[in-house]
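FYI, side chains are in, hydrogens and waters are out, and symmetry mates aren't considered; it's all heavy atoms of this structure. Naming: A, B, ... by sequence-line order, numbering from 1 per chain. Bear in mind the structure is a predicted one, so any value in this text is a computation, not a measurement.
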Number of protein chains: 2
Amino acid sequence: MQRLIAHISKFVELTEEDRETILSLMQYQEVKKKEYLLRQDAICNANYFILKGVFRKYYIDEKGSEQIIHFGIDNWWITDYDSLDRRIPSQYFIQAVEHAEVAVLDWRVQEELFAKIPALERYFRLILQRAYAASMQRIRYIYDFTGEERYYHFSSLYPEFLQRIPQYMVASYLGFTPEFLSKIRAKKI
Amino acid sequence: MQRLIAHISKFVELTEEDRETILSLMQYQEVKKKEYLLRQDAICNANYFILKGVFRKYYIDEKGSEQIIHFGIDNWWITDYDSLDRRIPSQYFIQAVEHAEVAVLDWRVQEELFAKIPALERYFRLILQRAYAASMQRIRYIYDFTGEERYYHFSSLYPEFLQRIPQYMVASYLGFTPEFLSKIRAKKI
DNA sequence: GTCTTTTCTTGAACTCGATTAAGTTTTGGC
DNA sequence: GCCAAAACTTAATCGAGTTCAAGAAAAGAC
């Protein structure tokens, strides 16, 4: 859980008392491979800080196949903000790709925490700013580059990732079919 | 400027004093068609609330052509958060598509305002949450639908928009060429 | 260690949308 | 009101990536 405190401290200043408050109100949770933090149609009840492991956030598209829109890795928060905040059913699944550990911030606790520690409201504003910028960047990649270019970019950015997660998940995240990914790999080797 | 106050009040509670503080620290500005609020390589100095008009946020892609990543319309904020907050050169242009009026929140004033009115920090957290969710939704549209489907979806969602802005901008925003948009329209009529 | 499930590969036919290169229509400046 | 610039259309050709279908390899389960 110290990783969470360290992360927050990179963005805002916390007193020793703040730290204790945060630790006392958040919970540590282990998540087994393939377990879900959230399922479609459920109302999201927490924001999760990933201490260790990998999660995927996906939905079922028109044709009934899984489409990954986001990977969550160490030191990122993962949730469905829309469902969490507006208390509406989620369109997404959040599932552990491998054994993981998270810090859980329940939505009922969140308000209490913001009231006690205003710096946290700021911290989340900054986190969201980054997430928003990252998702703009993602749209740029989709528009500017071909599938092949996106794959090479992704594999040079997160080489260890390709070892840890199934190829078909990478294909889904990058927006093409597993067959096409196979073809790209065949070309290179 | 009352539209801004009304918008903020939809998300957080403001006292009469808060309102006056906000109005005193923000500036009203008219922006002529084709004028820029931000240019590539400049550091973004403000967050703009659009009172009236339409803006486009775009960048120049690898091939040297303009790629629109976002439209800003009445009652939305538009800025480059990454550049604004981290004081780094922007990758984007923000340009008025038609004559517009904005409320300007300068970055040096922003901190002062957050200190005086903590509710505003919360307001921006909520705004960013929405923007982030919207951009996720955008990625979904790109992945799930063909260009033609995206066009029909867009035109049913914002019919008045198609009248107000050039087609080639719609094509750029939707991620295809103006020629292809012409083809879609020819098919239907 | 074998059996089942999951993941990955290969190839042929096909489709969506890009590119190129005209020509046409609309808009706006003066 | 006229001219130039900006915006839109049409058509032929081409390529990135999909779909379908089958088989091979790897990973768990017991």
Side-chain angles (χ1 to χ4, degrees), chain A residues 32-36 54 56 58 60-68 71 93 95-99 139-155 161-189, chain B residues 32-36 54 56 58 60-68 71 93 95-99 139-155 161-189:
Chain A
K32 291 202 198 92
K33 188 171 174 171
K34 294 198 179 169
E35 251 180 33
Y36 289 91
V54 176
R56 64 178 180 138
Y58 68 92
I60 307 295
D61 69 16
E62 308 272 299
K63 292 165 204 140
S65 48
E66 296 176 358
Q67 179 60 59
I68 297 177
F71 281 120
F93 295 87
Q95 187 194 38
V97 174
E98 55 182 39
H99 181 88
I139 292 173
R140 279 184 70 146
Y141 277 116
I142 296 171
Y143 279 167
D144 289 5
F145 301 115
T146 64
E148 188 170 353
E149 288 168 332
R150 291 199 305 276
Y151 173 72
Y152 286 125
H153 180 261
F154 184 84
S155 62
F161 227 63
L162 295 177
Q163 259 49 53
R164 281 160 73 186
I165 62 175
Q167 308 266 344
Y168 75 90
M169 287 191 190
V170 177
S172 172
Y173 176 75
L174 293 176
F176 47 72
T177 59
E179 290 91 338
F180 184 61
L181 179 48
S182 253
K183 248 171 247 182
I184 293 172
R185 286 160 52 82
K187 224 193 280 185
K188 187 68 171 286
I189 303 163
Chain B
K32 291 202 198 92
K33 188 171 174 172
K34 295 197 179 170
E35 250 180 34
Y36 289 91
V54 176
R56 64 179 180 138
Y58 69 91
I60 306 295
D61 69 17
E62 308 272 299
K63 291 167 206 140
S65 48
E66 297 176 357
Q67 179 60 59
I68 297 177
F71 280 120
F93 295 85
Q95 186 194 37
V97 174
E98 55 182 40
H99 181 88
I139 293 173
R140 280 185 70 148
Y141 277 116
I142 297 170
Y143 279 167
D144 288 6
F145 302 114
T146 64
E148 188 170 355
E149 288 168 332
R150 293 202 300 279
Y151 174 72
Y152 285 125
H153 180 262
F154 184 84
S155 62
F161 226 64
L162 295 177
Q163 259 49 50
R164 281 161 71 186
I165 62 174
Q167 308 266 345
Y168 76 89
M169 288 192 189
V170 177
S172 172
Y173 176 75
L174 293 176
F176 47 74
T177 59
E179 290 90 341
F180 184 61
L181 179 47
S182 252
K183 229 182 263 181
I184 294 172
R185 287 160 53 83
K187 224 193 280 185
K188 187 68 170 288
I189 302 162

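- Residue A:V54 comes nearest to A:F71 through the heavy atom pair CG1-CD2, 4.4 Å, listed as atom of the first residue, atom of the second, then distance.
- Relative to the side chain of A:P166, the nucleotides C:dT7, C:dT10, D:dC8 differ in distance, and C:dT7 lies closest.
- Scanning all heavy atoms of the two residues, the minimum distance from B:I68 to B:S172 falls at N-OG, 2.8 Å.
- Between the CD1 atom of A:I165 and the P atom of D:dA26 there is a distance of 19 Å, given to the nearest Å.
- Not less than 6.0 angstrom separates the ring centroid of A:H153 from the ring centroid of A:F145.
- Nucleic acid contact class of B:K33 (heavy atoms, under 4.0 Å, all strands): sugar-phosphate only.
- Rounding to the nearest 0.5 Å places CD of B:E66 at 4.5 Å from OH of B:Y58.
- Here the closest non-hydrogen pair linking A:K32 and A:A96 is O-CB, 3.5 Å.
- Distance from the side chain of A:R185 is smallest for C:dT9 among the nucleotides D:dT10, C:dT9, D:dC8.
- Place A:E179 and B:E179 on DNA chain D by their nearest nucleotides, and B:E179 ends up nearer the 5' end.
- Between A:Y168 atom OH and C:dT6 atom C1' the separation is 8 Å, expressed in whole Å.
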Distances under 3.5 Å between protein N/O atoms and the N/O atoms of nucleotides 14-17 of chain C, please, pair by pair.
unit_1: C:dG17; atom_1: OP1; unit_2: B:G147; atom_2: N; d: 2.6

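- Contact between B:V97 and B:K33 at its shortest, heavy atoms only, is O-CG, 3.4 Å.
- Over its length, the helix from C:dG1-D:dC30 to C:dC30-D:dG1 turns its helix axis by 70°, as judged from the five terminal pairs at each end, rounded to 10°.
- The distance between atom CD of B:Q167 and atom P of D:dC8, rounded to the nearest whole Å, is 5 Å.
- Remark: A:F154 CZ to A:F161 CZ distance equals 5.5 Å, nearest 0.5 Å.
- Nearest heavy atoms, B:F93 versus B:Y36: CD2-CE2, 3.8 Å.
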